> 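Pasting a structure here, questions to come.
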Amino acid sequence: MTESISTSSLLSESSTPPLRRIAIAGASGRMGRMLVEAVREAPDCRLAGALDMAGSNAIGADAAAFLGFTSGVSIVADLRTGLKDAQVLIDFTRPEGTLAHLAACRELGVQAVIGTTGFSDAQKAEIAEIAKDIAIMVSPNMSVGVNVTFKLLEMAAKALSTGYDIEIIEAHHRHKVDAPSGTALKMGEVIAGALGRDLKDCAVYAREGITGERDPSTIGFSAIRGGDIVGDHTVLFAGTGERIEITHKSASRVTYAQGALRAVRFLAGQKAGLFDMFDVLGLR
Ligand SMILES: NC(=O)C1=CN([C@@H]2O[C@H](COP(=O)(O)OP(=O)(O)OC[C@H]3O[C@@H](n4cnc5c(N)ncnc54)[C@H](OP(=O)(O)O)[C@@H]3O)[C@@H](O)[C@H]2O)C=CC1
Ligand SMILES: O=C(O)C1=N[C@H](C(=O)O)C[C@H](O)C1
């Protein structure tokens with residue numbers, strides 16, 4: 001009898017995923033709000049903190065007020081207050097904000113899932129340094145579809161390595177502040193890597209005036225900004241007599257938020273280190 005009770009209690013404990021206490025930076029932003037909603041709906045996650053910039057109208061408001069709910073978590077500007085109850089921070093803000101948040105995460109032993117784009121090389125090196133002390137997952141795009149697209153591009157670039165001009169075209173909403181998108185740059189890195197090139201040496205980010213003929217070794221980028229486009233990316237392999245286009249289109253930010261929660265669950269087993277969505281999705 002005793003044995004059977006303890007067995008069933010062990011079973012129910014092991015089948016319940018551990019609760020993850022999550023803080024969200026940029027809580028009133030487009031992704032921040034999407035994440036507040038996703039955390040609210042995930043049975044294994046709990047909102048444990050919400051951050052925004054000092055001076056933001058959102059400071060002091062309940063993080064879920066925009067949904068018509070009360071979460072009991074107020075949006076604060078003070079990093080220590082916002083992180084004190086959290087195991088992991090999800091950050092979709094701006095590079096300078098993310099770096100400040102990561103410094104606090106390192107101090108407090110809080111893990112981080114970073115979706116922010118637009119980091120400089122120096123800022124990326126800083127993140128790698130911090131990841132020696134805490135577990136960090138950083139990815140310019142957390143949708144499963146985009147990460148599978150990276151893999152397709154690797155294969156396509158290898159198979160189309162000569163005779164095809166490569167152009168990356170992305171389109172985003174009018175509020176986006178960085179260009180090309182982090183995803184487009186990552187696509188360029190994946191393709192350049194597959195071709196044995198360094199993107200720094202072969203990227204062409206703008207064309208105007210008398211540009212001369214296209215250099216076949218280059219990878220061109222074009223960025224469109226307008227309206228409420230969530231995020232479209234096309235890689236064009238233009239040959240003679242044919243062209244191949246690999247396109248991903250996001251119709252909702254939900255996929256990014258769900259990807260971020262997958263990353264949160266993945267990090268639960270990690271002590272320190274720098275990871276990306278290939279690690280989270282088992283695509284490496
Ligand atoms: N990896 C991925 O899958 C995705 C990445 N992104 C990236 O996420 C980032 C945010 O995108 P989005 O939500 O659309 O942007 P928003 O502008 O809607 O939200 C950004 C949030 O961060 C806050 N913020 C701005 N600057 C700072 C700072 N220096 N320190 C702290 N907080 C700051 C803003 O506050 P305030 O409003 O007061 O300025 C706002 O709450 C971008 O870099 C974007 O490219 C977006 C979607 C998917
Ligand atoms: O700013 C956005 O919106 C997006 N940013 C990311 C990027 O820069 O690649 C991801 C997605 O495209 C949406």
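Computed from a predicted model, the values in this text were never measured in an experiment. Both counts, for ligands and for their atoms, begin at 1 and track the order of listing.
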> Please report the C-alpha distance between M277 and N141 in whole Å, then the side-chain angles of each, then the deciding distance to 0.1 Å, and finally whether the side chain to side chain contact (heavy atoms under 4.5 Å, CB included) criterion is met.
CA-CA 8 Å; M277 281 306 281; N141 201 309; over 6 Å; no

> Please say whether more than 12 non-hydrogen atoms of neighbouring residues, nucleotides or ligands are located less than 6.0 Å from NZ in K249.
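No, because the 6.0 Å sphere around NZ of K249 holds 12 heavy atoms or fewer from other groups.
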
> Taking non-hydrogen atoms only, is H101 closer than 4.0 angstrom to ligand 1 via side chain, backbone, both or neither?
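Answer for H101: side chain.
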
> Is it the case that H233 and S181 place a side-chain donor and acceptor less than 3.5 Å from each other?
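Yes - a donor-acceptor pair under 3.5 Å links their side chains.
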
> Tell me, please: is H175 in heavy-atom contact with ligand 1, that is, under 4.0 Å?
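Checking ligand 1 against H175, which is what was asked, there is no heavy-atom contact under 4.0 Å.
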
> In ligand 2, which numbered atoms sit nearer than 4.0 Å to a non-hydrogen atom of N141?
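Here the atoms of ligand 2 in question are 10 (C), 11 (C), 12 (O).
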
> Check whether any N or O atom of S143, backbone or side chain, sits under 3.5 Å from an N or O atom of ligand 1, and answer yes or no.
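No; every N/O pair is 3.5 Å or more apart.
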
> Is E167 paired with R214 through a side-chain N to carboxylate O contact shorter than 4.0 Å?
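A salt bridge is present here (some side-chain N lies under 4.0 Å from a carboxylate O).
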
> Tell me which protein heavy atom sits closest to atom 14 (O) of ligand 1, plus the residue, atom name and distance to 0.1 Å.
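The protein heavy atom lying closest is R30 NE, 3.0 Å.
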
> Of all the non-hydrogen atoms in the protein, which one sits nearest to atom 19 (O) of ligand 1, and at what distance?
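Nearest protein contact, heavy atoms only, for atom 19 (O) of ligand 1 is G29 CA, 3.4 Å.
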
> Step through the shown structure and confirm whether more than 12 heavy atoms of other residues, nucleotides or ligands are within 6.0 Å of CZ on R80.
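No, the 6.0 Å shell around CZ holds no more than 12 heavy atoms from other groups.
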
> Ignoring hydrogens and angles, state whether a donor on the side chain of T116 or D91 is under 3.5 Å from an acceptor on the partner side chain.
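A donor-acceptor contact under 3.5 Å links the two side chains.
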
> Please check if the side chain of Q111 supplies one atom and the backbone of Q270 the other of a donor-acceptor pair under 3.5 Å.
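Yes, the answer is positive, given that a donor and an acceptor are paired below the 3.5 Å cut-off.
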
> Going hydrophobic residue to hydrophobic residue with side-chain gaps under 4.5 angstrom, can you get from F150 over to I114?
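F150 does not cluster with I114.
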
> Look at atom 38 (O) of ligand 1 and say which protein heavy atom is nearest, naming residue and atom and giving the distance to 0.1 Å.
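Nearest neighbour among protein heavy atoms for atom 38 (O) of ligand 1, to 0.1 Å: S56 CB, 3.7 Å.
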
> For P140, which part has a heavy atom under 4.0 Å from ligand 2: side chain, backbone, both, or neither?
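It is the backbone that gets close, since no side chain atom is under 4.0 Å.
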
> Closer than 4.0 angstrom, basic N to acidic O: yes or no for D44 and R20?
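A salt bridge is absent here (no side-chain N lies under 4.0 Å from a carboxylate O).
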
> Counting only heavy atoms, tell me which of D52, I24, T183 gets closest to atom 23 (C) of ligand 1.
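When every heavy atom of D52, I24, T183 is considered, D52 comes closest to atom 23 (C) of ligand 1.
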
> Is Y256 linked to L261 within one hydrophobic cluster, defined over Ile, Leu, Val, Met, Phe, Trp and Tyr using a side-chain heavy-atom separation of less than 4.5 Å?
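Yes, Y256 connects to L261 through the hydrophobic network.
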
> Under 4.0 Å from any heavy atom of G182, which atoms of ligand 2 are there?
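Checking each atom against G182, I get 7 (C), 8 (O), 9 (O).
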
> Could you identify the single nearest non-hydrogen protein atom to atom 3 (O) of ligand 1 and state the distance to 0.1 Å?
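I find the closest protein heavy atom is M142 N, 2.8 Å.
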
> Between K200 and E189, does at least one N-O distance fall below 4.0 Å, as a salt bridge requires?
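So K200 does not pair with E189 through a salt bridge.
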
> Could you work out, for atom 28 (C) of ligand 1, the closest of R94, M277, M53, M34 by heavy-atom distance?
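Selected option, by shortest heavy-atom distance: M53.
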
> If we only consider heavy atoms of H175, is any one of them less than 4.0 Å away from an atom in ligand 2?
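H175: no contact with ligand 2 (<4.0 Å).
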
> Do I90 and V146 belong together in a cluster built from hydrophobic side chains that touch within less than 4.5 Å?
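The answer is yes; both residues are in one hydrophobic cluster.
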
> Which protein non-hydrogen atom lies closest to atom 5 (N) of ligand 2, naming both residue and atom, and how far is it?
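Residue, atom and distance for the closest contact: K176 NZ, 3.2 Å.
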
> For atom 21 (C) of ligand 1, grab the closest protein heavy atom and report residue, atom and distance to one decimal in Å.
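Scanning the protein heavy atoms, the shortest distance from atom 21 (C) of ligand 1 goes to G26 CA, 3.7 Å.
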
> Is the shortest distance from a heavy atom of G118 to ligand 1 less than 4.0 Å?
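No, G118 has no heavy atom closer than 4.0 Å to ligand 1.
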
> Name the option, out of T93, L51, I114, that contains the heavy atom nearest to atom 42 (C) of ligand 1.
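Comparing heavy atoms across T93, L51, I114, the nearest one to atom 42 (C) of ligand 1 lies in T93.
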
> Do any N/O atoms on P140 end up under 3.5 angstrom from N/O atoms on ligand 1?
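Looking only at distances, the answer is yes, because the N/O contact criterion of under 3.5 Å is met.
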
> Under 4.0 Å from any heavy atom of K176, which atoms of ligand 1 are there?
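Contacts of ligand 1 toward K176, numbered from 1: 45 (O).
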
> Counting each atom of ligand 2 from 1 as listed, which ones have a heavy atom of H233 under 4.0 Å away?
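Result: 12 (O).
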
> Report yes or no: does T218 contribute a side-chain atom to a donor-acceptor pair with the main-chain N or O of G220 at less than 3.5 Å?
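Here the side-chain-to-backbone pair does not exist.
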
> Among all protein heavy atoms, pick the one closest to atom 37 (O) of ligand 1 and tell me residue, atom and distance.
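For atom 37 (O) of ligand 1, the nearest protein heavy atom is S28 OG, 4.6 Å.
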
> Considering only heavy atoms, does H172 approach ligand 2 within less than 4.0 Å through its side chain, its backbone, both, or neither?
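It is the side chain that touches ligand 2; the backbone stays farther off.
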
> N/O to N/O below 3.5 Å, does that happen between M31 and ligand 1?
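Yes, there is a polar N/O contact under 3.5 Å.
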
> Counting only heavy atoms not in D201 (residues, nucleotides, ligands), do more than 12 fall under 6.0 Å from its CG?
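Buried by this count: over 12 neighbours within 6.0 Å.
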
> Specify the protein heavy atom at minimum distance from atom 7 (C) of ligand 1: its residue, its atom name, and the distance to 0.1 Å.
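Heavy-atom neighbour on the protein nearest atom 7 (C) of ligand 1: G115 O, 3.4 Å.
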
> Between R106 and D133, does any side-chain N to carboxylate O distance fall below 4.0 Å?
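Looking at R106 and D133, the cut-off is met.
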
> Could you tell me whether the side chains of T70 and D62 share a donor-acceptor contact shorter than 3.5 Å?
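The answer is no; no qualifying pair exists.
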
> Hey, is G182 one of the residues with a heavy atom under 4.0 angstrom from ligand 1?
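No heavy atom of G182 comes that close to ligand 1.
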
> Can you tell me if H173 contacts ligand 2 (heavy atom of the residue under 4.0 Å from the ligand)?
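Under 4.0 Å: yes for H173.
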
> Please tell me whether I127 and V113 are part of a single hydrophobic cluster in this structure, the criterion being side-chain heavy atoms less than 4.5 Å apart.
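The answer is no; the residues belong to distinct hydrophobic clusters.
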
> Can you list the ligand 1 atoms lying under 4.0 Å from a non-hydrogen atom of Y256?
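Counting from 1, the qualifying ligand atoms are 3 (O), 47 (C), 48 (C).
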
> Indicate, as side chain, backbone, both or neither, the part of S139 found under 4.0 angstrom from ligand 1 when only non-hydrogen atoms are considered.
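Answer for S139: backbone.
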
> Taking only Lys NZ, Arg NE, NH1 and NH2, and the carboxylate oxygens of Asp or Glu, determine whether E37 and R40 approach each other closer than 4.0 Å.
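No, this pair does not count.
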
> Which of the listed options, L35, T116, I75, T117, holds the heavy atom that is closest to atom 44 (C) of ligand 1?
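Selected option, by shortest heavy-atom distance: T117.
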
> Answer with side chain, backbone, both or neither: which part of E170 has a heavy atom less than 4.0 angstrom from an atom of ligand 2?
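Neither part.
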
> Taking atom CZ of R46 as the centre, report whether more than 12 heavy atoms of other residues, nucleotides or ligands fall under 6.0 Å from it.
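No - once you tally the heavy atoms of other residues, nucleotides and ligands closer than 6.0 Å, there are 12 at most.
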
> If the cut-off is 4.0 Å to any non-hydrogen atom of S181, which atoms of ligand 2 fall inside it?
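The atoms of ligand 2 under 4.0 Å from a heavy atom of S181 are 7 (C), 8 (O), 9 (O).
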
> Select the closest option to atom 9 (O) of ligand 2 among T255, T183, V177, V146, judged by heavy-atom distance.
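Comparing heavy atoms across T255, T183, V177, V146, the nearest one to atom 9 (O) of ligand 2 lies in T183.
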
> To which protein heavy atom is atom 30 (N) of ligand 1 closest, and what is the distance rounded to 0.1 Å?
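Sorting protein heavy atoms by distance from atom 30 (N) of ligand 1 puts G97 CA, 3.2 Å first.
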
